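Being a predicted model, the structure only gives us computed values, none of them experimental.
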Amino acid sequence: MTPRERAWTIPRLCTEDARPMAREDFFPHAEIEPRWQRRWQEEGLARTGRRTGRPKFYLLEMFPYPSGHMHMGHVRNYSIGDALARFKRMRGFDVLYPMGFDAFGLPAENAAIKAARERGETLNPRDFTEQSIASITADLRRMGFSHDWEREVATCRPFYYRWNQLFFLQMLECGLAERRSAAVNWCPECKTVLANEQVESGKCWRHTETDVEVRQLDQWFLKITAYAEELLSSLDTLGGWPEHVKTMQRNWIGKSQGTVVYFPLADRRPGEPESVEIFTTRADTLYGVTFMSLAPEHPLVEILTRGTDREAEVRAFVSRTVTQDRFARTAENREKEGVSLGREAINPLTGERVPIFAANFVLMEYGTGAIMAVPAHDQRDFEFAEKYGVALKVVIQPEGGTLDPRRMTGAFVEPGVQVNSGPFDGLPSTEGLTRISEFVEAQGFGRRTVQYKLRDWLISRQRYWGTPIPVIHCPSCGPVGVPTEQLPVRLPDDVDFGHDGNPLASSPSFTAPVPCPKCGAPGRRETDTMDTFIDSSWYFLRYLDAANGDVPFRRDAEAKWMPVDQYIGGVEHAILHLLYARFFTKALCDLGHATHREPFARLFTQGMVCKEHTFADGTTRSVKMSKSLGNTVDPRLFVGDRHIGGTDEGRTGADALRLFMLSDSPPENQLDWSDESMEGASRFLNRVWRFFLTQTGEGRLGSETGAPKGEGGDFRREIHAAIRGITEDYERFAFNTAIAKARQLFRALETFAAAPDADAALLRQGAETFLLLLSPIMPHVCDELWSRLGHAESIFTRDWPAHDDGALAVSEVEIAVQILGKVRGRVTVPAGSDQATVETAAMAEPNVARHLEGKTVRKAVFVKDKMINFVAS
RNA sequence: GCCGGAAUGGCGGAACUGGCAGACGCAACGGACUCAAAAUCCGUCGGUCCUCGCGGACCGUGAGGGUUCAAGUCCCUCUUCCGGCACCA
């Protein structure tokens, strides 16, 4: 046991000592905290709509994935949310603060596979998941979080996922969902395909060591690209989102304006298209095209070389390149490679013939899969041209300089002046861009267009633990949607997790022939399941009407509660989840389910919980707590395990842990775990506890309810300054400074109480205000002390205190006196004194006078009640 | 490479629209209590220097420049770190 750990256990061990620390010197959390949790539940504190006629506030936290039990990341996330929920309730809002579980996903399934392979046991992911849900629920309740559990959802239950299936079928009907063959990302570790968003630099988002492979497969897609423009443009309406998250989404959507240009094919043979279409954002460089490049997968590559003497070489290049996985092919600094097709196209603007290549760096998925190459003004083309000996043609000159194509060591990509560009010579290239695009369009050589990097959302997963895609494959009708009255298509139990491949395909009952809904012929069920990001794309809507068995959610509930007023979660979801949820919300509007097109009005991204870790190379850094690094701290160390049938009381209880979670760092920063700081939080809580016990014991904090006698002076002002400051701090998520101000108020309270002639009524007012202000953060101890002050009702039935501007007024202020910007003294003057008064007082200050000696004051800058600055020389 | 964000004591951080840098906490140090320790309480706490002391001077918010009576805060240049994207034509 470390000295630190011993310190925490002292209150329980020292009761037999010669001078025992009285038991009530420490907050008896194990007894008091659960008692208040029960009482809040009985009173329905968390229930939405408890008091009618109040404005709504929908507060949402990203729901947890139930793996094992609650971890520090959850504690931090929900400590932030719960403080805000309680604050908003006291501020007069009808708060909707729900909780649920993102319960489908790989960890549960992998646990089942592991059990089957290693121990030959059958462990259904459902049991694993439901156990985790029970455990986390108990942990969250033990923390005293005021979630409305009557609205709980768990996405793995048919009662939830049937609606995923309904939405899918409706999307299928209107063409928003479709099955198509595509080159898709396959993670060999997950043994399933992944969406583009789940691939990070060629690696799986779950397995940062695993290269993603490319496979050509028939898969289900949702057409998120149909919403690309709206997803981008309506970001501008999200004033309550952090700018960096919006930027990430903008980059991901990747809009670029450009031009598609048709380059007629030279020496066209029968059966060949008339032209090669390319996409460019640099129409200003059109006169500088010296060759063209096609993606190796481009259909024209094969067509243009068929039967020519280049056929064999080109085919060899293509198969070599295409079988390389895409991410190796497009990796950083990848050598540019290509092969000439032996064919030419004609630049429609110049009539020049340019050779056509196939090149490894051209991507089939973007634009038209073909580019015009301008080596003088594009670095990639430059490198390629250098390697294959293609000429450069300069069409943009830097302002006041001249480029020599033979001497260039890299492409010139900056704006400049058009040269060698026919009628456009002499124009600034920025203007040339527009003018040439217009010209191209007017002449019928091409059309202006917009491209997005965003791709359609691949939702097929070859895994068991997800929503079954409700489709029947019929030999004659193809894929047919399951009729909605047959929903849900349930996950079967007769599954073998011990073998390779999709466990769902091993189920005899699920794979048994089913009649085609269209023609009745025997068909087979789709065994792919949905990406679990589908589940989290609309759960916030299900919370609104979670018990409804007839519709996913009632429209009036959606109209009343949406959008979410405040969403809180990790920034790691800035692209994936938040983009999908925005898309889904818009799609559900267009399917007639909802009316609000943006789900989250305000977004707060909280930082990770980190802890020191010493790496193999001997360096020590603070990094995210993770099981694999072994730098986790289990919250049960502090709240014990009695709530799940154990015997450990825990060291400090929930309030101290919650206080620490919000104390030191601003919530958007990473939080470094520190045993010492945690102890500091616990120390403060106990000090508060002792203070109130002593004061109520001595009767000074008895039941005086009369108005304070007299002004109250400084202490009264401190009370009201705390109310104002802390209220503002809560509103802007600055819990750390709110706590700092609460500590200051507490010290003032101690000082005031120590004065022999302290006004008991004012003392009581200060004490009550202090409890009210901290109650959202430390709800248990505050409610307990509140009741010990003689209140029968919970502190959470009280309104948030309001500050009195009159009480903030001061009679005297201290003014900083500067000479040439340096503070040379301070003077105390009546508040609101004018410049002349302050000047006189300032000049009388010895140190000021000394510095002004022999100098002439040329000017004095005066800020009322703050400072005066003499400009003297 | 591109796009964001950040840099303040030994540490986490505070400082609302430019107006007294270092709130609050942690650590450290000194003291009280104790046989002793823990706990608890009180005090000190950016650096350098002058002064017996009271007090005072100079330096100080990543580096360099600028604007201003006044800059952690605004502008320019640079460095480092974090996050995102990355052959997207």
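Using cut-offs of 30° and 60° on the angle between ring planes, the pair A/His577 and A/His573 is perpendicular. The aromatic rings of A/Phe770 and A/Phe692 lie parallel to each other, their planes meeting at an angle below 30°, with 60° marking the opposite boundary.
Looking at residues two or more places apart in sequence or on another chain, you find no side chain to side chain donor-acceptor pair (under 3.5 Å) involving A/Thr430.
Within a 6.0 Å radius of NZ in A/Lys624, no more than 12 heavy atoms belonging to other residues, nucleotides or ligands are found. Shown here is A/Lys866, whose NZ atom has no more than 12 heavy atoms of other residues, nucleotides or ligands within 6.0 Å.
In the model, A/Asn360 has no side-chain atom that pairs as donor or acceptor with a side-chain atom of A/Thr321 under 3.5 Å. A/Ser256 and A/Tyr366 form a side-chain donor-acceptor contact under 3.5 Å, judged by distance and modelled atom types alone. Side-chain atoms of A/Gln249 and A/Asn251 include no donor-acceptor pair closer than 3.5 Å. Between the side chains of A/Arg850 and A/Asn847, at least one donor N or O lies within less than 3.5 Å of an accepting N or O.
Checking the phosphate oxygens (OP1, OP2) of B/rG84, no side-chain nitrogen or oxygen of A/Thr247 falls inside 4.0 Å. Contact annotation: A/Arg824 side-chain N/O to B/rA57 OP1/OP2 distance is under 4.0 Å. Contact annotation: A/His851 side-chain N/O to B/rA57 OP1/OP2 distance is under 4.0 Å. OP1 or OP2 of B/rC59 has at least one side-chain nitrogen or oxygen of A/Lys822 nearer than 4.0 Å.
The side chain of A/Phe26 has B/rA39 as its nearest neighbour among B/rA39, B/rA89, B/rA14. Nearest nucleotide to the A/Arg690 side chain, out of B/rG19, B/rC41, B/rC85: B/rC41.
Nucleic acid contact for A/Ser293: none, since no nucleic acid atom lies under 4.0 Å from a heavy atom of the residue. Within the nucleic acid shown, A/Ser663 has no heavy atom closer than 4.0 Å to any nucleic acid atom. Residue-level contact check: A/Arg724 touches neither bases nor backbone, having no heavy atom under 4.0 Å from any strand. Looking at heavy-atom distances under 4.0 Å, A/Ser665 makes contact with sugar-phosphate atoms alone, never a base. Across all strands shown, A/Asn847 has heavy atoms under 4.0 Å from sugar-phosphate atoms exclusively, and none from any base.
If you take CZ of A/Phe733 and C1' of B/rA14, they are 19 Å apart, rounded to a whole angstrom. Here the P atom of nucleotide B/rG12 and the CG atom of A/Leu671 are 13 Å apart, to the nearest Å. Rounded to a whole Å, the CG atom of A/Asn669 is 9 Å from the P atom of B/rA7. Here the P atom of nucleotide B/rC87 and the CD1 atom of A/Ile278 are 20 Å apart, to the nearest Å. Between the CD atom of A/Glu845 and the P atom of B/rG55 there is a distance of 12 Å, rounded to whole Å. Distance, A/Glu365 CD to B/rA86 P: 12 Å, rounded to whole Å. Put simply, CG on A/Leu685 is 16 Å from C1' on B/rA39, counting in whole angstrom units. When the C1' atom of B/rC16 is taken as reference, atom CD1 of A/Ile726 falls 16 Å away, rounded to whole Å.
Glycosidic conformation of B/rG9: syn, with the torsion inside 90° of 0.
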Give each protein N/O atom lying under 3.5 Å from an N/O atom of nucleotides 67-72 of chain B, with the pair distance.
residue: B/rC69; atom: O2'; partner: A/Asn869; partner atom: ND2; Å: 3.1
residue: B/rC69; atom: O2; partner: A/Asn869; partner atom: ND2; Å: 2.7

What N/O pairs connect the protein and nucleotides 22-25 of chain B at under 3.5 Å? Give each pair on its own line.
residue: B/rA23; atom: O2'; partner: A/Gln744; partner atom: NE2; Å: 3.0
residue: B/rC24; atom: OP1; partner: A/Arg747; partner atom: NH2; Å: 2.8

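Base pairing annotation: B/rC54 forms no Watson-Crick or G-U wobble pair, as no partner gives both donor-acceptor distances under 3.5 Å. Applying the Watson-Crick and G-U wobble criteria (two distances, each under 3.5 Å), B/rA7 pairs with B/rU79. Here B/rA32 sits opposite B/rU40 as a Watson-Crick or G-U wobble pair (both hydrogen-bonding atom distances under 3.5 Å).
Separation of the A/Tyr730 and A/Phe735 ring centroids falls under the 6.0 Å cut-off. Taking the six-membered ring for Trp and the full ring otherwise, A/Phe263 and A/Phe445 have centroids separated by 6.0 Å or more. For A/Trp252 and A/Tyr580, the ring centers are positioned 6.0 Å apart or more.
One can find a donor-acceptor pair under 3.5 Å joining the base of B/rC87 and the side-chain atoms of A/Lys336.
Remark: the separation of the P atoms in B/rU44 and B/rU51 is 24 Å, to the nearest Å. Comparing the C1' positions of B/rA71 and B/rG60 gives an interatomic distance of 14 Å, to the nearest angstrom. Comparing B/rU17 with B/rA70, their C1' atoms are spaced 16 Å from each other, to the whole Å. Annotation: B/rG18 and B/rG56 have their C1' atoms spaced 28 Å apart (nearest Å).
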